[in-house]
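Written out below as structure tokens is the structure these notes cover.
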Protein chains: 2
Amino acid sequence: MKTDLDDNQDLSKQIAEAIRDAIINGSLLVDQRLPSEAELCDKFGVGRSTVREALKRLAAQNLIRTQRGASGGAFVNRMSFEEAYGQQITTSTLLLSMNQVDFETACEARYALERACAPLSAQRRTADHLATMRAEIHRQTQPGLTDEAFCASDVAFHRALVDGAGNPVLSYQLAGAVEAMQPLMNMITYTQRDRDRIVEFHTQLADAIEGQDGPTAEASLGQLAEYTVELGRSRLTQSKDRR
Amino acid sequence: MKTDLDDNQDLSKQIAEAIRDAIINGSLLVDQRLPSEAELCDKFGVGRSTVREALKRLAAQNLIRTQRGASGGAFVNRMSFEEAYGQQITTSTLLLSMNQVDFETACEARYALERACAPLSAQRRTADHLATMRAEIHRQTQPGLTDEAFCASDVAFHRALVDGAGNPVLSYQLAGAVEAMQPLMNMITYTQRDRDRIVEFHTQLADAIEGQDGPTAEASLGQLAEYTVELGRSRLTQSKDRR
DNA sequence: GGCAAATGAATTGTCAGACAATTAAGAGGC
DNA sequence: GCCTCTTAATTGTCTGACAATTCATTTGCC
């Protein structure tokens with residue numbers, strides 16, 4: 001591990017990076033214990049607060065976990081899919097909201113990726129995934145649903161579709177694309193007609209997935225994508241004009 | 001912002017989460033200055049080191065940046081695509097390496113996503129993207145190239161393909177899928193025959209992209225995906241057997 | 001001998017106080 | 001007006017202390 005630090009730089013940042021690199025390149029293995037804080041102080045020649053700040057940086061990225069007590073310490077953390085999901089969603093959400101990414105671009109990305117899952121999902125979906133999709137479709141037809149709840153259900157529906165592909169890496173990669181869209185979709189006000197149309201697409205899609213008909217599923221998604229972009233275009237430009 | 005903390009929990013973690021939530025839900029806007037460390041100490045009723053550890057956690061996620069001096073402080077950071085790329089790649093790489101994700105699963109996810117980009121890239125690629133693709137293909141034919149360099153060039157090629165779609169959100173989402181595969185691919189030893197075959201697919205692909213022929217590009221990617229999986233299957237099982 | 005309780009040691013979590021480094025703004029002199 | 005000096009605010013780092021937690025060892029009792 002690199003232990004010579006450039007002064008007049010942020011020490012805790014450099015230490016965190018040195019340890020992170022050691023984890024990535026395999027010098028530190030999963031569940032291996034890092035040196036104690038005191039030992040790290042010696043190794044890097046810095047005070048304890050500096051070491052601690054470095055460790056907190058790593059903990060924030062789920063790279064390590066810490067445990068108190070004798071035989072405690074910092075351990076290299078096995079990055080779980082769940083943790084990775086969370087990070088991905090946070091990052092994606094902020095990326096979209098902070099960079100004035102327009103609805104159309106985000107929507108295109110999301111549906112392009114989701115289309116890639118459709119054939120796999122059609123092939124491998126279980127009864128569970130189908131049940132979730134049907135349940136969400138049903139929820140979407142309930143009267144009195146707020147726009148937020150409708151969007152949340154939409155996300156859950158698509159999530160089930162993606163998970164149906166049975167590839168955890170794919171599910172992880174799409175977590176950001178699907179979930180980060182929700183805040184953008186929440187800005188749209190849906191008429192009953194819009195909802196009916198969307199539910200129609202969802203039903204078509206669920207039918208295709210159930211029938212293991214990949215091409216049709218992909219086509220339905222394509223139509224839905226087009227409709228959603230259209231919807232966003234008309235609604236968001238309207239609300240912009242009102243300003 | 002939530003300021004009441006649960007004792008007997010990690011205080012710095014709770015504080016970091018409270019501030020993170022404030023950023024996500026919009027209470028804290030981009031470039032807005034956070035209260036100074038001293039003020040945060042008062043607000044949360046904790047010592048300065050605790051507050052500092054919380055801030056370092058946020059800095060590690062690129063949520064804030066800090067500046068010294070009068071009128072310095074911590075500021076909400078605009079998450080840049082570049083930063084998001086980096087995080088995504090780190091997370092994806094560790095996720096794959098730490099969870100014994102098999103080559104086939106990762107490969108499937110990667111090519112599924114990449115296929116989604118192909119039609120868009122065929123439609124919108126610029127001369128720049130094409131030039132990069134051609135250059136990387138040329139590099140891949142150079143004799144004496146190490147397996148690592150070959151894989152790196154492969155990644156660069158596919159990166160150009162993805163960027164050709166002209167959708168930054170898509171490029172971001174695929175950064176992890178494409179780059180995190182490299183360590184896995186590095187474990188494969190390529191014969192000259194393998195390389196020739198891959199270059200063939202790459203050329204086919206580049207031709208299709210140049211000719212704005214989306215379907216052919218997608219098909220080429222499909223073949224390449226199949227071949228890569230095949231390659232991984234034979235090579236990795238062999239190396240496993242030798243153990 | 002065996003078991004429960006007390007003790008001690010190692011380690012992280014938190015706090016307080018100090019000083020260094022950096023930066024912006026203002027004061028003063030020319 | 002412009003330069004220099006001072007001052008104040010703020011983060012970065014260090015030190016020392018104590019609390020909380022956990023494990024291993026020892027002690028004491030039966």
Side-chain angles (χ1 to χ4, degrees), chain A residues 1-20 22-23 28 31-77, chain B residues 1-20 22-23 28 31-77:
Chain A
M1 194 184 330
K2 207 183 156 204
T3 57
D4 51 326
L5 304 179
D6 175 13
D7 236 11
N8 75 19
Q9 285 279 342
D10 200 321
L11 294 179
S12 70
K13 186 170 183 178
Q14 293 178 66
I15 294 174
E17 279 167 5
I19 298 177
R20 190 201 57 188
I23 295 176
L28 290 169
D31 291 334
Q32 190 176 335
R33 183 180 180 278
L34 270 64
S36 72
E37 294 177 357
E39 289 170 304
L40 288 172
C41 292
D42 285 350
K43 192 169 291 191
F44 289 102
V46 299
R48 195 175 157 218
S49 13
T50 306
V51 163
R52 281 184 62 78
E53 284 173 12
L55 293 178
K56 293 313 159 202
R57 293 177 114 108
L58 296 172
Q61 301 175 265
N62 290 310
L63 295 181
I64 63 170
R65 60 179 187 279
T66 55
Q67 217 171 359
R68 292 221 272 207
S71 79
F75 299 83
V76 177
N77 191 40
Chain B
M1 198 183 327
K2 208 184 154 201
T3 57
D4 51 326
L5 305 178
D6 175 12
D7 235 12
N8 76 18
Q9 285 278 342
D10 201 322
L11 295 180
S12 68
K13 187 171 182 177
Q14 294 177 65
I15 294 174
E17 279 168 4
I19 297 178
R20 190 201 58 188
I23 294 176
L28 290 169
D31 292 332
Q32 190 177 335
R33 183 179 180 279
L34 270 65
S36 73
E37 293 177 358
E39 290 170 303
L40 289 172
C41 293
D42 286 350
K43 193 170 291 192
F44 289 102
V46 298
R48 192 173 160 219
S49 8
T50 307
V51 163
R52 280 185 62 76
E53 285 173 12
L55 293 178
K56 293 312 158 199
R57 293 177 115 108
L58 297 173
Q61 302 176 264
N62 289 311
L63 294 181
I64 62 170
R65 59 178 188 280
T66 55
Q67 217 173 358
R68 290 222 272 209
S71 79
F75 298 83
V76 177
N77 192 39

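Per chain, numbering begins at 1; letters A, B, ... match sequence-line order.
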What is the separation between atom CD on B/Gln14 and atom C1' on C/dG13, rounded to the nearest whole Å?
12 Å
What integer distance in Å separates A/Glu37:CD from D/dG16:P?
16 Å
Comparing nearest nucleotides in DNA chain D, the 5'-proximal residue of the pair A/Arg68, A/Gly47 is A/Gly47
So for A/Arg48 and C/dG13, does any side-chain atom that can act as donor or acceptor lie under 3.5 Å from a complementary atom in the base?
yes
For A/Gly45 and for A/Gln67, find the nucleotide of DNA chain D with the closest heavy atom, then tell me which residue's nucleotide is more 5'.
A/Gly45
Would you mind classifying the nucleic acid contact of A/Asn8 as base, sugar-phosphate or nothing, using non-hydrogen atoms under 4.0 angstrom?
nothing
Specify the separation, in whole Å, of atom CG of B/Leu58 and atom P of D/dT11.
14 Å
What's the CD-C1' distance between A/Glu53 and C/dT12, to the nearest Å?
15 Å
Backbone of B/Val51 reached by a side-chain donor or acceptor of B/Glu37 within 3.5 Å:
no
When all nucleic acid strands are considered with a 4.0 Å heavy-atom cut-off, which category describes B/Arg65: base, sugar-phosphate, or nothing?
nothing
Between C/dT14, C/dA9, C/dT11, which nucleotide has the shortest distance from any of its atoms to the side chain of A/Ala70?
C/dA9
Take atom CG of A/Asp10 and atom P of C/dA21, then tell me their distance rounded to the nearest Å.
15 Å
So which nucleotide from C/dT11, C/dG13, D/dT13 ends up closest to the side chain of B/Arg52?
D/dT13
Would one find a side-chain N or O of B/Lys56 under 4.0 angstrom from OP1 or OP2 of D/dT11?
no
Distance col, row A/Ile23:CD1 vs A/Leu34:CG, nearest 0.5 angstrom, shows 6.5 Å
Looking at A/Arg65 and A/Ala74, would you say the former's side chain and the latter's main chain have a donor-acceptor pair under 3.5 Å?
no
Can you measure B/Leu34 atom CG to D/dT11 atom P for me and round it to whole angstrom units?
10 Å
Tightest non-hydrogen contact, residues A/Cys41 and A/Arg48, listed as SG-CA, 3.4 Å
Among the nucleotides C/dA24, C/dT12, D/dT11, whichever has the atom closest to the side chain of B/Ser71 is C/dA24
Without decimals, in angstroms, what is the distance between B/Leu11 CG and C/dT12 P?
17 Å
Looking at B/Thr66, does any N or O in its side chain come under 4.0 Å of the phosphate oxygens OP1/OP2 on D/dG12?
yes
Using a heavy-atom cut-off of 4.0 Å across all strands, would you classify B/Leu55 as base, sugar-phosphate, or nothing?
nothing
Nearest 0.5 Å, what's the CG-OG1 distance between A/Leu40 and A/Thr50?
11.5 Å
Using a heavy-atom cut-off of 4.0 Å across all strands, would you classify A/Ser49 as base, sugar-phosphate, or nothing?
base
Among B/Glu17, B/Arg57, B/Arg52, find the residue that satisfies the side chain to side chain donor-acceptor pair (under 3.5 Å) test when tested with B/Ser12.
B/Arg57
Have a look at A/Glu39 and say if it touches a base, only the backbone sugar-phosphate, or nothing, with a 4.0 Å heavy-atom cut-off.
nothing
In whole angstroms, how far is the P atom of D/dT15 from the CG atom of A/Asp42?
11 Å
